[in-house]
Amino acid sequence: PGALNIANDLKKGDVFLKICRSTCKFVQRRVNLSNDEKKIFWREDPPKSEEEPRELLIKDIKDISIGLESEVMKKNKVP
């Protein structure tokens with residue numbers, strides 16, 4: 001039952017922060033799990049006009065790291 005609730009929450013999506021590598025500013029991304037649970041989609045939040053979401057196949061994910069511990073964050077000295 002717990003895993004089903006998590007999948008449903010991920011399908012609804014949520015807003016995450018990422019750091020722009022060129023400006024070192026935080027930007028919002030809405031992230032969703034596809035209904036078939038095979039892809040992750042993301043787009044700016046709020047979206048730009050008719051911008052298509054980007055996607056990543058779950059099977060292609062090799063590693064997951066906590067954002068504040070990532071090399072990008074360390075390199076840009078993000079607190």
Side-chain angles (χ1 to χ4, degrees):
L4 181 59
N5 290 337
I6 291 170
N8 286 336
D9 288 343
L10 292 170
K11 288 176 188 176
K12 290 177 191 172
D14 209 343
V15 176
F16 290 79
L17 291 176
K18 72 173 283 282
I19 189 166
C20 177
R21 290 180 190 222
S22 61
T23 65
C24 294
K25 293 183 180 178
F26 286 99
V27 291
Q28 294 187 121
R29 295 288 184 260
R30 174 156 295 277
V31 179
N32 300 77
L33 178 66
S34 64
N35 287 329
D36 63 7
E37 300 179 11
K38 293 184 179 185
K39 296 178 186 176
I40 295 175
F41 294 96
W42 68 94
R43 67 183 329 155
E44 287 190 10
D45 188 67
K48 290 182 178 177
S49 59
E50 298 300 317
E51 174 196 40
E52 288 293 318
R54 297 184 67 190
E55 64 182 59
L56 174 69
L57 290 170
I58 301 282
K59 68 178 184 133
D60 292 339
I61 296 173
K62 304 287 187 236
D63 188 27
I64 297 174
S65 61
I66 296 171
L68 292 177
E69 297 173 2
S70 74
E71 291 303 315
V72 173
M73 294 293 202
K74 290 176 184 175
K75 177 182 168 187
N76 290 294
K77 299 181 176 87
V78 174

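FYI, side chains are in, hydrogens and waters are out, and symmetry mates aren't considered; it's all heavy atoms of this structure. The structure displayed is predicted, hence computed values, not measured ones.
- Remark: K38 pairs with no residue by the salt bridge (Lys or Arg N to Asp or Glu O under 4.0 Å) rule, at least two apart or across chains.
- Checked against salt bridge (Lys or Arg N to Asp or Glu O under 4.0 Å), R30 has the following partners two or more places apart in sequence or in another chain: D45.
- The line from CG of D36 to CD1 of I58 is 9.5 Å long, rounded to the nearest 0.5 Å.
- Under the 4.5 Å side-chain contact rule for hydrophobic residues, I6 and W42 share a cluster.
- The side chain to side chain donor-acceptor pair (under 3.5 Å) check on E55 picks up K39, with sequence neighbours excluded.
- Here the side chains of R54 and R43 are not in contact, with every heavy-atom distance at 4.5 Å or above.
- One hydrophobic cluster holds both I61 and L33 under the rule that ILVMFWY side chains link at heavy-atom gaps under 4.5 Å.
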Show me, pair by pair, the donor-acceptor contacts under 3.5 angstrom made by side chains of residues 10-18, not counting sequence neighbours?
from, atom 1, to, atom 2, distance (Å)
K11, NZ, N35, O, 3.3
K11, NZ, E37, OE2, 3.2

